[in-house]
Number of protein chains: 2
Amino acid sequence: MKRHSHQRDIILEEVRRGKTHPSAQEVFDRVRPRLPKISLGTVYRNLEQLAAHGVIRKLELPGQQRRFDGDTSEHYHIRCLACGQVDDIPGPLLVQIRQLPDTLNNYTILGHRLELIGICPRCRETAGPNPSNGQ
Amino acid sequence: MKRHSHQRDIILEEVRRGKTHPSAQEVFDRVRPRLPKISLGTVYRNLEQLAAHGVIRKLELPGQQRRFDGDTSEHYHIRCLACGQVDDIPGPLLVQIRQLPDTLNNYTILGHRLELIGICPRCRETAGPNPSNGQ
DNA sequence: ATCAATAATAGGATTTATTATTAATTGATA
DNA sequence: TATCAATTAATAATAAATCCTATTATTGAT
């Protein structure tokens with residue numbers, strides 16, 4: 001990020017809009033109405049750059065495509081097993097994880113990833129995956 | 001798994017051999033000397049089937065390809081940020097996670113995924129990723 | 001032991017998410 | 001405003017996983 005770009009500004013605005021956790025393709029779809037000539041590669045590159053600089057967070061979800069989060073505060077996520085929707089879990093990190101030793105199994109510990117798995121209210125009510133939820 | 005297959009037996013043997021956490025491709029490579037005509041699709045199908053029946057465990061790792069674990073007891077994993085190697089962390093699940101409520105954020109909670117991120121001893125010593133470690 | 005039904009396989013094509021390449025454009029700076 | 005590296009658009013390439021179809025193997029019934 002050695003200089004500004006209009007594309008990056010718009011991408012950041014769209015990632016920050018709402019509390020969703022969009023994939024690169026979803027960001028692309030949201031940006032396109034404003035920048036019809038933008039390409040998907042530009043979206044990927046800028047999302048990675050913004051995440052590398054801590055402006056947004058990258059969520060690498062097991063078995064799913066990568067998502068991005070405009071909220072950089074420390075928080076966990078819960079993910080719907082049926083539709084893939086990702087929501088925030090407010091509150092502090094687990095105390096037990098905070099208290100882990102510096103080394104374990106001879107590894108130097110740098111961090112952790114935790115996500116809860118569940119069924120979102122919409123999928124529970126409709127008794128099936130709700131495609132409009134995201135996946 | 002309505003019928004037995006020789007291929008599945010060999011695949012299971014190879015996943016259980018050692019304490020590694022092989023990817024489908026790695027299982028394929030290990031099985032090939034014994035079954036030269038096996039195809040990658042067969043390996044994927046049988047690994048998924050074995051996991052669905054609880055015979056092995058599927059590890060869906062953020063930002064990495066899927067791996068499989070012949071050890072089905074409850075345990076967490078630690079993963080080397082440099083080389084991708086995955087090791088077991090012995091011991092029980094975190095008490096705090098055990099005590100989570102049934103619902104959170106209006107989701108029905110079904111489970112969780114936790115993995116620790118670190119640097120493995122080999123990568124620490126060689127001051128760089130060790131390609132022979134797996135990734 | 002043989003046979004018919006059908007589950008499972010081999011081999012290859014396809015899909016999806018992501019990354020790399022390249023020529024043209026743009027933003028920061030002298 | 002001329003320069004030059006950073007950034008872009010467009011597209012090709014890659015990697016992991018899935019799908020497709022003709023063939024083979026396993027099973028329960030004879």
Side-chain angles (χ1 to χ4, degrees), chain A residues 1-15 21-53 55-69 79 83-84 86 131 134-135, chain B residues 1-15 21-53 55-68 79 83-84 86 129 131 134-135:
Chain A
M1 296 214 299
K2 302 203 173 165
R3 47 191 235 205
H4 284 146
S5 89
H6 184 49
Q7 286 88 338
R8 184 154 54 233
D9 291 343
I10 304 294
I11 287 167
L12 180 55
E13 274 182 35
E14 292 298 332
V15 172
H21 303 82
S23 65
Q25 180 68 53
E26 285 166 358
V27 173
F28 180 59
D29 293 340
R30 293 184 200 176
V31 166
R32 217 129 68 130
R34 304 175 64 182
L35 299 172
K37 313 213 75 169
I38 200 170
S39 84
L40 185 57
T42 299
V43 172
Y44 268 101
R45 183 168 15 80
N46 280 297
L47 288 172
E48 290 294 332
Q49 262 186 92
L50 288 165
H53 285 78
V55 182
I56 64 176
R57 276 180 65 186
K58 171 162 63 164
L59 311 181
E60 301 207 290
L61 302 164
Q64 246 205 189
Q65 80 249 39
R66 178 179 315 172
R67 292 178 177 276
F68 296 87
D69 191 346
R79 188 169 125 214
C83 71
V86 176
Q135 192 181 61
Chain B
M1 296 214 297
K2 301 197 173 169
R3 294 179 183 176
H4 284 147
S5 88
H6 184 48
Q7 286 87 338
R8 184 155 54 232
D9 292 343
I10 304 295
I11 287 167
L12 179 54
E13 274 182 34
E14 291 298 332
V15 172
H21 302 81
S23 65
Q25 180 67 53
E26 285 165 359
V27 173
F28 180 58
D29 293 340
R30 292 184 200 176
V31 166
R32 215 124 75 122
R34 304 175 64 182
L35 300 171
K37 315 212 75 169
I38 200 169
S39 84
L40 185 58
T42 299
V43 173
Y44 268 101
R45 184 167 11 81
N46 280 297
L47 288 172
E48 290 294 332
Q49 262 184 93
L50 289 165
H53 285 78
V55 182
I56 64 175
R57 276 180 66 186
K58 171 162 63 163
L59 311 181
E60 301 207 290
L61 302 162
Q64 246 205 190
Q65 82 249 39
R66 177 182 316 171
R67 292 177 177 277
F68 296 87
R79 187 169 127 214
C83 72
V86 176
Q135 193 179 61

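By convention in this document, chain letters (A, B, ...) are assigned in the order of the sequence lines, proteins followed by strands, and residues within each chain are numbered from 1. The analysis underlying the following values was restricted to heavy atoms, covering all of them including side chains, and did not include hydrogens, waters or symmetry mates.
- Between Asn46(B) atom CG and Ile10(B) atom CD1 the span is 11.5 Å, to the nearest 0.5 Å.
- Taking atom CZ of Phe28(A) as the reference point, atom P of dA17(C) lies 13 Å away to the nearest angstrom.
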Full working for side-chain contact (heavy atoms from CB on, under 4.5 Å) between Ile11(B) and Ile38(B): CA-CA 10 Å; Ile11(B) 287 167; Ile38(B) 200 169; 4.1 Å; yes
Is there a side-chain contact (heavy atoms from CB on, under 4.5 Å) between His21(A) and Leu61(A)? Walk through the geometry before answering. CA-CA 11 Å; His21(A) 303 82; Leu61(A) 302 164; over 6 Å; no
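- Taking atom CG of Asp29(B) as the reference point, atom C1' of dA16(D) lies 14 Å away to the nearest angstrom.
- Rounding to whole angstrom units, CZ of residue Arg66(A) and P of dA15(D) are separated by 15 Å.
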Show, in sequence, the C-alpha distance, side-chain angles and deciding distance for Glu48(B) and Arg66(B), and conclude whether the side-chain contact (heavy atoms from CB on, under 4.5 Å) test is met. CA-CA 11 Å; Glu48(B) 290 294 332; Arg66(B) 177 182 316 171; 2.5 Å; yes
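- For Arg8(B) (side chain) and Leu50(B) (main-chain N/O), no donor-acceptor pair under 3.5 Å exists by modelled atom type.
- Map Asn46(B) and Ser23(A) each onto its nearest nucleotide of DNA chain C; the residue landing nearer the 5' end is Asn46(B).
- Between the CG atom in Leu59(B) and the OG atom in Ser23(B) there is a gap of 11.0 Å [rounded to 0.5 Å].
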Does the protein touch nucleotides 20-30 of chain D at the base, only the backbone, or not at all? Give it as B, S and - per nucleotide, heavy atoms under 4.0 Å. -----BBS---
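- Applying a 4.0 Å cut-off to non-hydrogen atoms, the residues of residues 30-42 of chain A that approach DNA chain D are Lys37(A), Ile38(A), Ser39(A), Thr42(A), listed by residue number.
- Under the 4.5 Å side-chain criterion, counting only non-hydrogen atoms from C-beta, Leu47(B) is not in contact with Lys58(B).
- Shown here for Phe28(A) and Val43(A), the closest heavy-atom pair between the two residues is CD1-CG2, 3.8 Å.
- Gln49(B) places its CD atom 16 Å from the C1' atom of dA17(D), with the value rounded to the nearest Å.
- In this structure, Phe68(A) places its CZ atom 13 Å from P of dA17(C), rounding to the nearest Å.
- Taking atom CD of Glu26(B) as the reference point, atom C1' of dA16(D) lies 13 Å away to the nearest angstrom.
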Using a 3.5 Å limit on both pairing distances, list the dot-bracket string of DNA chain D from the 5' end; Watson-Crick and G-U wobble pairs count, crossing pairs take [ ], interstrand pairs take |. ||||||||||||||||||||||||||||||
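- Checked options His6(B), Glu13(B), Gln7(B); the residue passing with Arg34(B) is Glu13(B) (criterion: side chain to side chain donor-acceptor pair (under 3.5 Å)).
- Side chains of Gln25(B) and Tyr44(B) form no contact here, defined as non-hydrogen atoms less than 4.5 Å apart.
- Side chains of Pro33(B) and Glu14(B) form no contact here, defined as non-hydrogen atoms less than 4.5 Å apart.
- Met1(B) has its CE atom 13 Å from the C1' atom of dA7(C), to the nearest Å.
- In this structure, the CZ atom of Arg67(B) is 14 Å from the C1' atom of dA15(D), given to the nearest Å.
- Proximity of Tyr44(B) to the phosphate of dT18(D): no side-chain N or O atom is located under 4.0 Å from OP1 or OP2.
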